[in-house]
Amino acid sequence: VLSIRGIQEEDPPDAQLMRLDNMLLAEGVSGPEKRGRGGPMAVAATSGGCPNDNSIEHSDYRAKLSQIRQIYHSELEKYEQACSEFTTHVMNLLREQSRTRPISPKEIERMVNIIHGKFSTIQMQLKQSTCEAVMILRSRFLDARRKRRNFSKQATEVLNEYFYSHLSNPYPSEEAKEELAKKGGITVSQVSNWFGNKRIRYKKNMGKFQEEANIYAAKTAVDATNVVAQGNQANSPSTPNSGEWEPVERPDGFFCL
DNA sequence: TTTAATGATTAAAG
DNA sequence: CTTTAATCATTAAA
């Protein structure tokens, strides 16, 4: 079995292996056992998400992670043990043979290297599959898309009001976003997400939003700072302007329809 | 059950 | 950092 290989195994073994090791460490699989408190567990804080999900979900996640961790460590130990056992076994064989033929120390060393190479590739496979398991676990528990809930009527009302009353420039400032978030009972990130989605989806299929536009068109006052477009006030929403808000240059915040 | 709507994430560009 | 555009995953509607 110990053919003349093992020296030419993989050219970049360290590149991949370093990544796997780093990830396992970062994920707390291969690091020191952190029983009890001390969790600076950095959950992706980008999305507002529900404020009341940090009980069952998280502990469930940690339980599963600890399970993975256990398996990983026991397997790793098994490999270490098997490796050393096998090495000593081969050494014994070589010692026996050395009675009938001369065996150079170099040959022995080569043999040991081959064995260690073999076992380290197995170890690498273990790390690989462990990383996969962690990734799956992460996507299963920590992906906010899986916890998505529709906004309240109030929130969508507020957001749509702003959007359709600022159709010419639907980019709320940071302050405006905070205001909208407060009024709708959602986070600023969620407001940003909503506007990002709304803009692209409105632009992509304006006809689909005509009715919605009609509903919200009359409900809000025009931005006080833009007092320019008096003539376009009666802009009939049933004939959506084919131009977007982007292509027309907006030198100073003027209307661009 | 299939489809549409929708909030969140990602990559890429500024 | 922000945005667009594409995509993912869930929910509501058909």
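Order of the sequence lines fixes the chain letters, A, B, ..., with proteins taken first and strands second; residue numbering starts at 1 for each chain.
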Take A:Arg140 and A:Lys177, find for each the nucleotide of DNA chain C with the closest heavy atom, and name the residue whose nucleotide sits nearer the 5' end. A:Lys177
Can you sort out the partners of A:Arg99 under salt bridge (Lys or Arg N to Asp or Glu O under 4.0 Å), two or more places apart, ordered by chain and number? none
Can you list everything that forms a salt bridge (Lys or Arg N to Asp or Glu O under 4.0 Å) with A:Glu157? Sequence neighbours excluded, please. A:Lys219
Please report the distance, rounded to the nearest Å, between CZ in A:Phe195 and P in B:dG7. 12 Å
Roughly, in whole Å, what's the span from OH in A:Tyr202 to C1' in C:dT4? 17 Å
With sequence neighbours excluded, residues passing side chain to side chain donor-acceptor pair (under 3.5 Å) with A:Tyr164: A:Glu212
Grab the CZ-P distance between A:Phe141 and B:dA8 for me, whole Å please. 20 Å
Can you confirm whether the side chains of A:Arg95 and A:Asn92 place a donor and an acceptor under 3.5 Å from each other? yes
A:Tyr202 vs A:Phe209 aromatic rings, parallel, tilted or perpendicular, using cut-offs 30° and 60°? tilted
Respond yes when some side-chain nitrogen or oxygen of A:Gln190 is under 4.0 Å from OP1 or OP2 of B:dG7, and no when none is. no
For nucleotides 11-14 of chain C, list the nitrogen or oxygen atoms of the protein found under 3.5 Å from its nitrogen or oxygen atoms, one pair per line.
residue: C:dT11; atom: OP1; partner: A:Arg149; partner atom: NH1; Å: 2.4
residue: C:dT11; atom: OP1; partner: A:Arg149; partner atom: NH2; Å: 3.4
residue: C:dT11; atom: O4'; partner: A:Arg148; partner atom: NH1; Å: 3.4

Looking at residues at least two apart in the chain, or sitting in another chain, which of them share a side chain to side chain contact (heavy atoms under 4.5 Å, CB included) with A:Thr88? none
Nucleotide B:dT9, atom C1' - distance to CG of A:Asp143 in whole Å: 7 Å
Ring pair (Phe, Tyr, Trp, His ring centres under 6.0 Å) filter on A:Phe195, not counting sequence neighbours, yields A:Tyr162
For atom CD1 of A:Ile136 and atom P of C:dA9, their distance in whole Å: 12 Å
Rounded off to whole Å, could you give me the CG-to-P distance for the A:Asn193 and C:dC1 pair? 13 Å
In degrees rounded to 10°, what angle is found between the helical axes fit to the five outermost pairs at each end of the helix from B:dT1-C:dA14 to B:dG14-C:dC1? 0°
Set out, line by line, the N/O atom pairs under 3.5 Å between protein and nucleotides 5-7 of chain C.
residue: C:dA5; atom: OP1; partner: A:Lys203; partner atom: NZ; Å: 3.4
residue: C:dA5; atom: OP2; partner: A:Lys203; partner atom: NZ; Å: 2.7
residue: C:dA6; atom: OP2; partner: A:Lys204; partner atom: NZ; Å: 3.3
residue: C:dT7; atom: O4; partner: A:Arg201; partner atom: NH2; Å: 3.2

Could you work out, with side chain to side chain contact (heavy atoms under 4.5 Å, CB included) as the rule, every residue matching A:Gln67, not counting sequence neighbours? none
Side chain to side chain donor-acceptor pair (under 3.5 Å) against A:Lys78, all qualifying residues, sequence neighbours excluded: A:Glu75
With sequence neighbours excluded, residues passing side chain to side chain donor-acceptor pair (under 3.5 Å) with A:Asp143: A:Arg145
Using residues 127-134 of chain A as the side-chain source, report each donor-acceptor pair under 3.5 Å to any protein atom, sequence neighbours left out, with the distance given to one decimal.
residue: A:Lys127; atom: NZ; partner: A:Asp21; partner atom: OD1; Å: 2.9
residue: A:Lys127; atom: NZ; partner: A:Asp21; partner atom: OD2; Å: 3.4
residue: A:Gln128; atom: OE1; partner: A:Gln16; partner atom: NE2; Å: 3.4
residue: A:Gln128; atom: NE2; partner: A:Glu132; partner atom: OE2; Å: 3.4
residue: A:Ser129; atom: OG; partner: A:Gln125; partner atom: O; Å: 3.4
residue: A:Ser129; atom: OG; partner: A:Leu126; partner atom: O; Å: 3.0
residue: A:Thr130; atom: OG1; partner: A:Leu126; partner atom: O; Å: 2.8

Value in whole Å for how far the C1' atom of B:dA8 lies from CG of A:Leu142: 14 Å
Whole-Å distance, A:Arg199 CZ to B:dG7 P, equals 14 Å
